[in-house]
Amino acid sequence: MQLDLNLLTALDALLEEGSVAGAAARLHVTPPAMSRSLGRIRQATGDQILVRTGRTMVPTTRALAMRAQVHALVEQAHHLLSAQRELDLAALERVFTVRWHDALTAACGTALITAVHRQAPGVQLRLPAEPGTDDAELRRGEVDLESSAGAPALPDIRHRLVGRDRLVVAVRPGHPLTDGPLTPERYAAAEHLTVSRRGSLRDPIDDALTARGLERRVVAAGPTTAFALQLALDTDLVVTLPDAVTRTARGQLGLVALQSPLPLPDVPLYLLWHQRYDDDRAHAWLRETAADTVRALFAPRSALDGPSPTGPGPGTGPGSSG
């Protein structure tokens with residue numbers, strides 16, 4: 001029997017996505033073409049592979065049994081065919097999707113695009129906004145590199161810790177909190193704003209206040225750091241954010257940074273990617289370039305930068321709000 005080994009790639013996508021349309025989008029082919037591939041796979045295996053249940057398709061028992069082995073075979077084939085290829089950045093043509101927290105994109109996006117374009121002018125970068133809910137786009141290959149304040153729980157998602165940031169309190173110039181020492185009690189008595197893609201009105205700061213018998217009033221939850229900083233400038237609302245990734249934006253707006261009156265832990269920043277890219281030299285180059293770009297946020301500031309209007313100096317690494 002003559003078997004088209006390309007069907008393994010199609011089978012892998014079908015089993016990962018659980019639909020013809022999803023597999024077609026993943027492999028950049030049309031749904032009719034993927035449907036024909038499914039028909040050929042069914043003929044070759046003597047199994048339906050995917051069967052319709054209502055509006056969805058579910059894998060057969062045999063499909064579930066072979067899924068891990070099929071995926072391993074596809075990964076081995078990709079590795080076998082690409083392991084000896086040298087990376088020529090000048091000739092590289094590829095589209096990478098880098099999904100970072102909005103504050104990190106604002107702080108490092110320009111530097112990343114500049115560094116990538118200088119080394120590999122044929123590479124294109126996509127920097128989409130983070131979604132409001134968690135998804136599996138890393139696993140599906142739709143996102144190449146992601147930022148996170150937490151290490152991933154899934155074993156097939158790789159991660160690298162690239163920095164840690166401390167939290168600072170941002171307020172407008174002349175805010176009442178800038179007059180005199182900032183105590184936990186004064187901090188709790190102010191009106192606050194959280195930054196949350198999901199609209200959460202509570203974060204770990206509230207737990208730290210509760211442990212001291214204090215409670216703050218959160219007036220609103222903003223979707224992005226840029227929105228929160230602008231609102232802090234225009235009102236008496238207080239926003240508590242990672243220092244390093246917001247330093248430039250705070251400076252441009254003229255906001256005052258105050259040292260947190262609470263012993264809050266540093267916020268870590270991780271870069272995440274799927275294990276399928278472990279041996280991908282172009283992806284490894286992107287990861288290293290991105291890591292170098294982010295680490296530049298934490299380099300010691302020169303004397304020309306000057307101190308913050310009030311409060312602490314630079315932090316030690318960035319993070320993101322949930």
- Got a salt bridge between R250 and D243, using NZ or NE/NH1/NH2 to carboxylate O under 4.0 Å? yes
- Query: With hydrophobic residues grouped by side-chain heavy-atom distances under 4.5 Å, do L286 and L127 end up in a single group?
  - Reply: yes
- Note on the structure: Separation between OH (Y270) and NE2 (H159), nearest 0.5 Å, reads 6.0 Å
- Message: With clusters defined by side-chain heavy atoms of hydrophobic residues (ILVMFWY) lying less than 4.5 Å apart, directly or transitively, does V195 cluster with V219?
- Response: no
- Task: Take L258 and V168 through the test side-chain contact (heavy atoms from CB on, under 4.5 Å) and record every step on the way to the result.
- Result: CA-CA 6 Å; L258 304 174; V168 295; over 6 Å; no
- Query: Just by distance, do the side chain of R67 and the backbone of P59 share a donor-acceptor pair under 3.5 Å?
  - Reply: no
- Message: Would the distance check show the side chain of T53 and the main-chain N or O of T56 forming a donor-acceptor pair, the cut-off being under 3.5 Å?
- Response: no
- Any ion pair linking R126 and D144 (charged N to carboxylate O, less than 4.0 Å)? no
- Query: Are D280 and R94 within salt-bridge range, i.e. N to O under 4.0 Å?
  - Reply: yes
- Message: Looking at every heavy atom in both A220 and L193, which two are closest together, and how far apart are they?
- Response: O-CD1, 3.1 Å
- Query: Quick one: do the D203 and T194 side chains pair a donor with an acceptor below 3.5 Å?
  - Reply: no
- Task: Measure the shortest side-chain to side-chain distance between F298 and V162 over non-hydrogen atoms and say whether it is less than 4.5 angstrom.
- Result: no
- Item | Side-chain heavy-atom pair H192, L237 within 4.5 angstrom cut-off | no
- Heavy-atom nearest pair, A228 first then V239, reads CB-CG2, 4.0 Å
- Message: Whether E16 and R140 form a salt bridge (side-chain N of Lys/Arg under 4.0 Å from carboxylate O of Asp/Glu) is what I want to check.
- Response: no
- Message: Does D179, at its CG atom, have more than 12 non-hydrogen atoms belonging to other residues, nucleotides or ligands within less than 6.0 Å?
- Response: no
- Query: Is there side-chain contact between D236 and R172, with heavy atoms separated by less than 4.5 Å?
  - Reply: yes
- Salt-bridged, E288 to R160, with N to O below 4.0 Å? yes
- Message: Can you give me the closest heavy-atom contact between G18 and L50, atom names plus distance?
- Response: C-CD1, 4.2 Å
- Message: Using a 3.5 Å distance criterion without hydrogens, assess whether the side chain of R276 forms a donor-acceptor pair with backbone atoms of R139.
- Response: yes
- If you round to the nearest 0.5 Å, how far is CG of L27 from OG of S37? 8.5 Å
- About how many Å separate CZ of R202 and CG of L209, when rounded to the nearest 0.5 Å? 8.5 Å
- Do L269 and L161 have side chains that get closer than 4.5 Å, going by heavy atoms? no
- Item | Backbone of L231 reached by a side-chain donor or acceptor of T235 within 3.5 Å | yes
- Message: A quick test of your reading: do over 12 heavy atoms of other residues, nucleotides or ligands sit less than 6.0 Å from CD of E215?
- Response: no
- Separation between CD1 of I49 and CZ of R62, rounded to the nearest 0.5 Å: 6.5 Å
- L177 and A190 have their tightest heavy-atom pair at CD1-CB, 4.1 Å
- Under a 4.5 Å cut-off applied to non-hydrogen side-chain atoms, are C108 and L297 in contact? yes
- Task: Without swapping roles, check the side chain of R42 against the backbone of Q48 for a donor-acceptor pair under 3.5 Å.
- Result: yes
- Query: Could you walk me through whether V169 and V238 pass the side-chain contact (heavy atoms from CB on, under 4.5 Å) check?
  - Reply: CA-CA 7 Å; V169 179; V238 175; 3.3 Å; yes
- Message: Whether the side chain of D12 engages the backbone of V70 through a donor-acceptor N/O pair (distance < 3.5 Å, no angle test) should be reported.
- Response: no
- Task: Check step by step if salt bridge (charged side-chain N to carboxylate O under 4.0 Å, His left out) holds for E142 and R26.
- Result: CA-CA 8 Å; E142 297 171 11; R26 177 171 173 173; over 6 Å; no
- Query: If you take all heavy atoms of A149 and P268, which pair is closest and at what distance?
  - Reply: O-CG, 3.2 Å
- Task: Looking only at non-hydrogen atoms, find the nearest pair between T225 and A103 and report the distance.
- Result: OG1-CB, 3.4 Å
- Item | Test item: side-chain donor near acceptor, Y187 and S260, under 3.5 Å | no
- Any donor-acceptor pair under 3.5 Å linking the side chain of R186 with the backbone of P181? yes
- Should T224 and R197 count as side-chain neighbours, where that means a heavy-atom distance under 4.5 Å? no
- What's the spacing between L87 CG and L89 CG if we round to 0.5 Å? 4.5 Å
- Message: I'd like to check I157 versus Q275 (side-chain heavy atoms, cut-off strictly below 4.5 Å). Are they in contact?
- Response: no
- Task: Could you please spell out the steps behind the side-chain contact (heavy atoms from CB on, under 4.5 Å) verdict for I41 and D47?
- Result: CA-CA 8 Å; I41 291 169; D47 188 85; over 6 Å; no
- Message: With heavy-atom distances below 4.5 Å as the criterion, would you say the side chains of S148 and L272 are in contact?
- Response: yes
- If only atom types and distance count, is the side chain of H274 paired as donor or acceptor with the main-chain N or O of L138 below 3.5 Å? no
- Query: Per the side chain to side chain contact (heavy atoms under 4.5 Å, CB included) rule, which among V143, L271, L125 passes with V98?
  - Reply: L125
- Message: With a 4.5 Å cut-off on side-chain heavy-atom distances among I, L, V, M, F, W and Y, is there a chain of contacts connecting M57 to V51?
- Response: no
- Message: Please determine whether residues L64 and V58 belong to a single hydrophobic cluster, defined as Ile, Leu, Val, Met, Phe, Trp and Tyr linked transitively by side-chain heavy-atom distances below 4.5 Å.
- Response: no
- Task: Look at the side-chain heavy atoms of Ile, Leu, Val, Met, Phe, Trp and Tyr, link any pair under 4.5 Å apart, and say whether V218 and L214 land in one connected group.
- Result: no
- Is the H283 ring parallel, tilted or perpendicular to the F96 ring (thresholds 30°, 60°)? perpendicular
- Answer yes or no: is there an ion pair linking R216 with D206, defined by an N-O contact shorter than 4.0 Å? yes
- Reported CE-to-OG distance for the pair M34 and S19, which is rounded to 0.5 angstrom: 9.5 Å
- Verdict with supporting geometry, V116 and L112, side-chain contact (heavy atoms from CB on, under 4.5 Å): CA-CA 6 Å; V116 166; L112 177 63; 4.0 Å; yes
